[in-house]
Amino acid sequence: MPAENQIVEDKKDKKKEETTPTVLKGVYVFPNGDKYEGDYLHGSDGSMDRSGMGIHVTTDGTMYEGEWNQDKMNGQGTLKHPSGAKYAGQFVNNQFHGLGTYTWPNNSAYTGQFVENRLEGGGEFTDTDGQVWEGTFRYRAAPGLRFKLNLD
């Protein structure tokens, strides 16, 4: 009887292996003209899920380069907009979430914590003159910012 149980367990293991999607590398052009180049999973149902490292470029020129998981920007990456704005940092489910730097087209920048695309927590804002302000940010407010004096 133990041998019979072993056969059943082996079949279960084989079934798990067969259903595990294979990571592939390639280029995929979406129906709207967006282009993805990188790692992806090809499911048994014919679906394509971006997973691993890859670059996605939209038809308007927005580009994301970084980690993907479950067909979403998840992990470390850089998102560049045609306007010149750029975010480099952590993503969770297509949102800025975690530590990152957002740079506006005028070269002012915020480096610090983000929560669901919002400046949220400790960080530093560098203005267009290169002056640095530090403190706690709460979305669009930053009560009590302190000027950071660099005497280098």
Side-chain angles (χ1 to χ4, degrees), residues 4-128 132-145 148:
E4 197 172 291
N5 287 341
Q6 182 64 38
I7 292 170
V8 171
E9 288 175 11
D10 288 346
K11 286 181 183 177
K12 285 180 185 176
D13 290 342
K14 285 181 183 177
K15 189 172 183 178
K16 283 182 187 176
E17 287 176 19
E18 291 172 12
T19 59
T20 303
T22 303
V23 177
L24 303 168
K25 284 189 181 292
V27 176
Y28 183 84
V29 179
F30 292 85
N32 68 354
D34 287 4
K35 179 181 171 184
Y36 174 77
E37 184 172 351
D39 301 334
Y40 66 95
L41 298 175
H42 191 209
S44 58
D45 63 352
S47 64
M48 187 280 292
D49 285 340
R50 294 164 289 188
S51 184
M53 295 300 293
I55 300 171
H56 184 107
V57 181
T58 66
T59 55
D60 73 356
T62 301
M63 182 182 82
Y64 172 77
E65 182 174 0
E67 295 177 275
W68 295 85
N69 188 2
Q70 297 179 341
D71 208 36
K72 293 182 179 178
M73 296 178 288
N74 275 305
Q76 199 68 26
T78 301
L79 181 66
K80 296 178 183 177
H81 294 277
S83 67
K86 176 177 109 173
Y87 172 80
Q90 298 171 326
F91 288 81
V92 174
N93 294 327
N94 290 336
Q95 294 185 329
F96 310 158
H97 195 89
L99 185 60
T101 299
Y102 187 91
T103 306
W104 283 268
N106 67 4
N107 286 323
S108 61
Y110 167 81
T111 298
Q113 292 295 318
F114 288 81
V115 175
E116 297 176 347
N117 288 338
R118 295 186 318 271
L119 288 63
E120 195 71 41
E124 294 184 348
F125 176 78
T126 305
D127 65 24
T128 55
V132 179
W133 302 84
E134 62 185 359
T136 301
F137 291 76
R138 301 280 180 246
Y139 188 43
R140 294 186 182 190
L145 277 187
K148 186 176 178 182

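In this chain, residues are counted from 1 in sequence order. On a predicted model such as this, the values are computed, not experimentally measured, just so you know. Reckoned from all heavy atoms, side chains included, excluding hydrogens, waters and symmetry mates.
By the 4.5 Å heavy-atom criterion applied to side chains, Q113 and L99 are counted as neighbours. Using a 4.5 Å cut-off on side-chain heavy atoms (C-beta onward), L41 and L24 make no contact. By the 4.5 Å heavy-atom criterion applied to side chains, R138 and E120 are counted as neighbours. Between W133 and K148 the shortest side-chain heavy-atom distance does not fall below 4.5 Å.
Exactly one residue among R50, E65, K35 makes a side chain to side chain contact (heavy atoms under 4.5 Å, CB included) with I55. That residue is E65. Each of V57, V27, V29 was checked for a side chain to side chain contact (heavy atoms under 4.5 Å, CB included) with E37, and the lone residue meeting it is V27.
In this structure, CG on N74 lies 7.0 Å from CG on N94, to the nearest 0.5 angstrom. Taken from CD in E134 to OG1 in T111, the straight-line distance is 12.0 Å, to the nearest 0.5 Å.
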* To do: Check the pair H56 / M63 against side chain to side chain contact (heavy atoms under 4.5 Å, CB included), numbers first and verdict last.
  => CA-CA 6 Å; H56 184 107; M63 182 182 82; over 6 Å; no
* Could you go step by step and tell me if H97 and Q90 meet the side chain to side chain contact (heavy atoms under 4.5 Å, CB included) rule? -> CA-CA 6 Å; H97 195 89; Q90 298 171 326; over 6 Å; no
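Under the rule for a ring-ring contact (aromatic ring centres under 6.0 Å, His included), the partners of F91 that lie at least two apart in sequence or sit in another chain are Y64, Y87, F96. T103 is linked by a side chain to side chain contact (heavy atoms under 4.5 Å, CB included) to T101, N107, A109, counting only residues two or more places apart in sequence or in another chain. In terms of the side chain to side chain contact (heavy atoms under 4.5 Å, CB included) criterion, residue partners of T128 (sequence neighbours excluded) are, by chain and number, N106, S108. With sequence neighbours left out, the ring-ring contact (aromatic ring centres under 6.0 Å, His included) criterion links Y110 to F114, F137. Every residue two or more places apart in sequence or in another chain that forms a side chain to side chain contact (heavy atoms under 4.5 Å, CB included) with T62 is listed here: T58, D60, L79, H81, P82. Every residue meeting the side chain to side chain contact (heavy atoms under 4.5 Å, CB included) condition with K25, not counting sequence neighbours, appears here in chain and number order: D39.
Taking a 6.0 Å sphere around CZ of F30, one finds it holds more than 12 heavy atoms contributed by other residues, nucleotides or ligands.
The closest donor-acceptor contact from the side chain of N69 to the backbone of S51 lies at 3.5 Å or more, if one exists at all.
Outside the 6.0 Å centre-distance limit, the rings of Y28 and H42 are not counted as a close aromatic pair.
What you find for V132 and T126 is that their closest heavy atoms are CG2-OG1, 3.7 Å. The two atoms that bring A88 and T78 nearest to each other are CB-OG1, 3.8 Å, heavy atoms only.
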